[in-house]
Amino acid sequence: MRVNVQVLLLFSVFVVATCGLVYELVAGTLASYLLGDSVTQFSTIIGVYLFSMGIGSYLSRYFNRNLIAWFIQVEVLVALVGGFSSTLLFLLFDRVTSFQIVLYMLVSLTGILVGLEIPLIMRILEDRFEFKELVSKVFTFDYIGALLASVIFPLLLVPHLGLLRTSFFFGLLNAGVALWLCFYFSKENRWIYFLRTSCAISIVALVAGFVLSDRILAFTESLSYADKIIYSVQSPYQKIVLTKNDREFRLFLNGNLQFSSSDEYRYHEALVHPGLNSVQNPRKVLVLGGGDGLAVREILRYPSIEKVVLVDLDQAVTKLFSSHEVLKNLNQQALLSKKVQVINTDAFQWLKNNQEQFDFVVIDFPDPANYAIGKLYSNTFYKVLREAITPGGAAVIQATSPFVAPNAYWCVVNTLASCGFTTLPYHAHVPSFGDWGFVLASPQQKFQVNGQFLAQLRYLDKPTFEQMQVFPKDMPARQTEINKLNNQALVRYFEDEWASYLN
C-alpha cells in the first residue's frame with residue numbers, strides 16, 4: 001500500500017512537470033505565431049512563467065490543511081486553464097485592445113497554479129520519505145517530465161495534434177490525475193463528492209474541446225481571415241492557411257500574407273527575370289525558400305535551364321503545392337518537373353554543406369521578422385552564398401518594402417555589398433503588398449541586365465524594368481549597419497519600421 005501511494009504521487013509529479021512545460025511551450029509558440037519574433041516571445045513568456053511559479057511556491061505556505069484536497073483542486077484548475085489556453089488565445093487575438101496583457105495574465109495564472117503543485121505534493125510526501133530522498137525523487141520526476149515535454153512537443157504534438165488538441169490532451173492528463181487521486185484518497189477526504197464532481201465536469205469539457213478542436217479552430221480562423229478558408233494545416237514550422245474569394249486565392253503563413261493569385265505574377269516576374277536575363281545561357285538554378293513553386297515556374301520558362309534545386313524548410317508547403325489541384329495549376333506543376341529537385345531542410349545548413357555552383361540563385365525567404373529568419377540575411381550567409389555562384393552568375397534577394405521599411409531594405413543591400421557583391425537595387429508595385437524591394441547581386445564587378453525580356457510575361461518589359469531601378473526622392477539610398485549574426489540589425493530595423501507603419 002505504501003509503495004503504491006508513493007508511486008502514485010511521484011507519477012503525479014511527472015504529469016505536473018510535463019503538462020506545465022507543455023502549456024508554457026504552447027503559449028510561446030502561439031505568441032511567436034501571432035506576434036512574431038520568437039526569441040522575444042519565448043524569452044518573456046519563460047521569464048513570466050518561472051516568476052509566476054515562484055509566486056505559486058510562496059503562496060503554498062498558506063495551505064496547511066487538507067493538502068490532498070487542495071492539490072486535487074489545483075490540478076483541476078490547471079487542467080481547465082491550461083487545456084483551454086490555446087483556444088482562448090486564438091479567440092481573443094485581434095478581439096481585445098491589448099492581446100499581450102491577456103497572454104501574460106494567462107501565462108501568469110498557469111505558472112502560479114503549477115508553482116503551487118510541487119510544494120504541495122512535497123509536503124504530502126514528507127511523511128513517506130526522508131527529506132534527502134524526497135527532494136531527489138521529486139526533482140528527478142520533475143526534470144524527467146520536463147525533458148519528455150520538450151522533446152515530444154516539436155516532434156509529435158505540434159505536427160500531429162496541433163496546438164488546440166495538445167492543450168486539451170494535457171488538460172485531460174491533469175484532470176485524470178486529479179480524478180485518480182479522488183478515488184485513491186476518498187476515505188481521507190471530506191470534500192470527496194465536490195472534488196469528484198469538479199473532476200468529472202472538467203473532463204467532460206476537455207473531451208468536448210478535444211473532439212471539437214477542428215471546429216473551434218475553423219471558427220477562430222474565420223474571425224481572423226476575411227475570405228473562406230479552403231485549406232488549413234499546422235506544420236512543425238508554421239500555420240498554413242489558404243483562402244478563396246470570387247477573385248483570388250491567398251496563402252498565409254502564420255497569419256502573414258505570402259501571395260495573392262491575382263497579382264503574384266508581378267512579384268515573381270520581378271523576382272526572377274531581371275537576374276536570369278543578366279546571366280548568359282543559364283543552366284543550373286538554385287531556389288532558397290519559394291516552396292510554392294511560383295518562382296520555379298518562371299525559371300522553367302527558359303529553354304536553357306537543365307536543373308533547378310529548390311531548398312525549402314517546410315515539407316508541408318512543397319507537398320501542398322505539388323498536390324493541390326488549384327495550386328498545381330497556379331505554378332503550372334513546376335514542382336513536378338523532371339528538371340526540379342525539391343529538398344526539405346534548413347537552407348543555411350544546406351548551403352554550408354553544398355559543393356555545387358549555380359548560374360543563378362533565387363532567395364525568396366520570408367521577411368526577417370525574427371532572428372531565425374534574420375540569420376538568412378546575414379553577412380555570414382551571404383559569404384557562403386558567394387561560393388555557390390558561378391563567376392558569371394548572379395543572385396536575387398527579396399528584401400521587403402523600401403518605402404515602409406527603408407532601413408531594413410538598404411540594410412540588405414549594404415550587407416550584400418560588404419560581402420563583395422556588386423548590387424543592383426530595384427523595386428516593383430505589387431497591389432497586395434504595395435511597393436516591394438529586390439536586390440540583384442553578382443560576384444562580378446560589373447554586370448548588366450539584358451533588357452529583352454520574354455514576350456509571354458504579363459508585367460515585365462524593358463521600360464518597366466528601367467523604371468523599377470529608379471528610387472524617388474522619398475525613398476533614397478541610406479547607410480545602415482551591416483546585418484551580422486551577433487547583432488541581427490536587420491530584424492531590429494524591420495520590427496521598428498513595420499510596427500510604426502501598422503500602428
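Fair warning: this is a prediction, and the values are worked out from it, not measured in the lab.
- Considering only heavy atoms from C-beta on, V396 stays 4.5 Å or farther from V272 through its side chain.
- Remark: side-chain polar atoms of D263 are paired, donor with acceptor, to backbone N or O of S432 under 3.5 angstrom.
- Contact annotation: the side chain of N331 never approaches that of V296 to less than 4.5 Å [non-hydrogen atoms, C-beta and beyond].
- With hydrogens and angles disregarded, a donor-acceptor distance shorter than 3.5 Å links the side chain of S378 to the backbone of K375.
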Item to complete: Step by step, work out the side-chain contact (heavy atoms from CB on, under 4.5 Å) result for V439 and L424.
Response: CA-CA 6 Å; V439 188; L424 175 61; over 6 Å; no
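- Panel note: side chain T422, backbone Q444; a donor-acceptor pair is recorded below 3.5 Å.
- Closest approach of A388 and N354 over heavy atoms only: CB-ND2, 3.8 Å.
- At least one side-chain heavy atom of L25 sits under 4.5 Å from a side-chain heavy atom of F42.
- In this structure, a donor-acceptor pair under 3.5 Å is absent between the side chains of Q258 and D292.
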Fill in: Trace of the side-chain hydrogen bond (donor to acceptor under 3.5 Å, both in side chains) decision for D312 with T318
CA-CA 8 Å; D312 190 280; T318 54; 5.8 Å; no
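- Summarising the local packing, NZ of K319 is surrounded by 12 or fewer heavy atoms from other residues, nucleotides or ligands at distances under 6.0 Å.
- Heavy atoms of other residues, nucleotides or ligands lying less than 6.0 angstrom from CZ of F51 number 12 at most.
- One finds the CD1 atom of I397 at 4.5 Å from the CG atom of L416 (value rounded to the nearest 0.5 Å).
- Taking a 6.0 Å sphere around CD of E248, one finds it holds more than 12 heavy atoms contributed by other residues, nucleotides or ligands.
- For the pair K383 and C419, the tightest heavy-atom approach, listed with the atom from each and the gap, is CG-SG, 3.9 Å.
- Summarising the geometry, atom CD1 belonging to I299 is positioned 11.0 Å from atom OG belonging to S337; distances are rounded to the nearest 0.5 Å.
- Side-chain atoms of D435 never come within 3.5 Å of backbone atoms of F403 as a donor-acceptor pair (strictly under, hydrogens ignored).
- For the atom pair E481 CD and N407 CG, the distance stands at 9.5 Å (nearest 0.5 Å).
- Looking at W410, its side chain does come within 3.5 Å of a backbone N or O of P476 through a donor-acceptor pair.
- In terms of modelled atom types and a separation under 3.5 Å, the side chain of H160 and the main chain of L156 share no donor-acceptor contact.
- Aromatic ring orientation, F169 versus F210: tilted (interplanar angle from 30° to 60°).
- Note: Y23 and F170 fail the aromatic proximity criterion, with ring centroids not under 6.0 Å apart.
- Taking 4.5 Å as the limit, every side-chain heavy atom of Y302 sits out of range of all side-chain heavy atoms of N281.
- Formation of a donor-acceptor pair under 3.5 Å by the Q357 side chain with backbone atoms of E387 is found in this model.
- Taking each heavy atom of P274 and V449 in turn, the nearest pair found is O-CG1, 3.5 Å.
- Under the 4.5 Å side-chain criterion, counting only non-hydrogen atoms from C-beta, Y265 is not in contact with L457.
- In terms of heavy-atom proximity, A27 sits nearest to I45 at O-CD1, 3.4 Å.
- Under 3.5 Å, the side chains of Y377 and D367 contain no donor-acceptor pair of N or O atoms.
- Taking the six-membered ring for Trp and thresholds of 30 and 60 degrees, W436 and F433 have ring planes inclined between 30 and 60 degrees apart.
- Minimum interatomic distance between S323 and K328 (heavy atoms only, all atoms of both residues): O-CE, 3.8 Å.
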Discussion item. Quick one, L173 with T18, criterion side-chain contact (heavy atoms from CB on, under 4.5 Å). Give me CA distance, side-chain angles, the key distance, then yes/no.
Written reply: CA-CA 10 Å; L173 286 182; T18 306; 5.8 Å; no
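- Applying the 6.0 Å contact sphere to CD of E356 captures more than 12 heavy atoms from other residues, nucleotides or ligands.
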Discussion item. Between L336 and S322, does the side-chain contact (heavy atoms from CB on, under 4.5 Å) criterion hold? Intermediate values first, please.
Written reply: CA-CA 7 Å; L336 301 178; S322 301; 4.1 Å; yes
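- No donor-acceptor pair closer than 3.5 Å links the side chain of S500 to the backbone N or O of D496.
- In summary, the side chains of K239 and S232 do present a donor paired with an acceptor at a separation below 3.5 Å, with no hydrogens or angles considered.
- Atom CG of L294 and atom CG of D364 lie 9.0 Å apart (nearest 0.5 Å).
- Applying the side chain to side chain contact (heavy atoms under 4.5 Å, CB included) test between V285 and each of V279, D359, L276 identifies L276 as the sole match.
- Taking the ring centroids of Y267 and F438, they lie under the 6.0 Å cut-off.
- Between atom CD of residue Q238 and atom CG of residue D314 there is a gap of 4.5 Å, rounded to the nearest 0.5 Å.
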Practice prompt. List the steps and the verdict of side-chain contact (heavy atoms from CB on, under 4.5 Å) for L330 and F249.
Written response: CA-CA 10 Å; L330 189 62; F249 294 90; 5.8 Å; no
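- Annotation: side chain of E497 is in contact with side chain of P406 (closest heavy-atom distance under 4.5 Å).
- Between L327 and L251 there is no side-chain heavy-atom pair separated by less than 4.5 Å.
- Side-chain polar atoms of T480 and N414 form a donor-acceptor pair below 3.5 angstrom.
- Nearest heavy atoms, G437 versus P402: N-CD, 3.4 Å.
- Shown here is K484, whose NZ atom has no more than 12 heavy atoms of other residues, nucleotides or ligands within 6.0 Å.
- Within the model, atoms CE of M53 and OH of Y49 stand 5.5 Å from one another, a figure rounded to the nearest 0.5 Å.
- When side chains are defined from C-beta on, F348 counts as touching T380, because their heavy atoms get closer than 4.5 Å.
- When only modelled atom types and interatomic distance are considered, N379 and S418 share no side-chain donor-acceptor pair under 3.5 Å.
- Looking at S442, its side chain does come within 3.5 Å of a backbone N or O of G393 through a donor-acceptor pair.
- Taking the centre of each ring, F168 and F84 come in below the 6.0 Å mark.
- By the 30° and 60° cut-offs, the orientation of the rings of W350 relative to F358 is tilted.
- A side-chain donor-acceptor contact under 3.5 Å links Q398 to the backbone of T400.
- Checking H273 against E269 by side-chain atom types alone, no donor-acceptor pair falls below 3.5 Å.
- Applying the 6.0 Å contact sphere to CD of E466 captures more than 12 heavy atoms from other residues, nucleotides or ligands.
- Q355 CD: 12 or fewer foreign heavy atoms inside a 6.0 Å radius.
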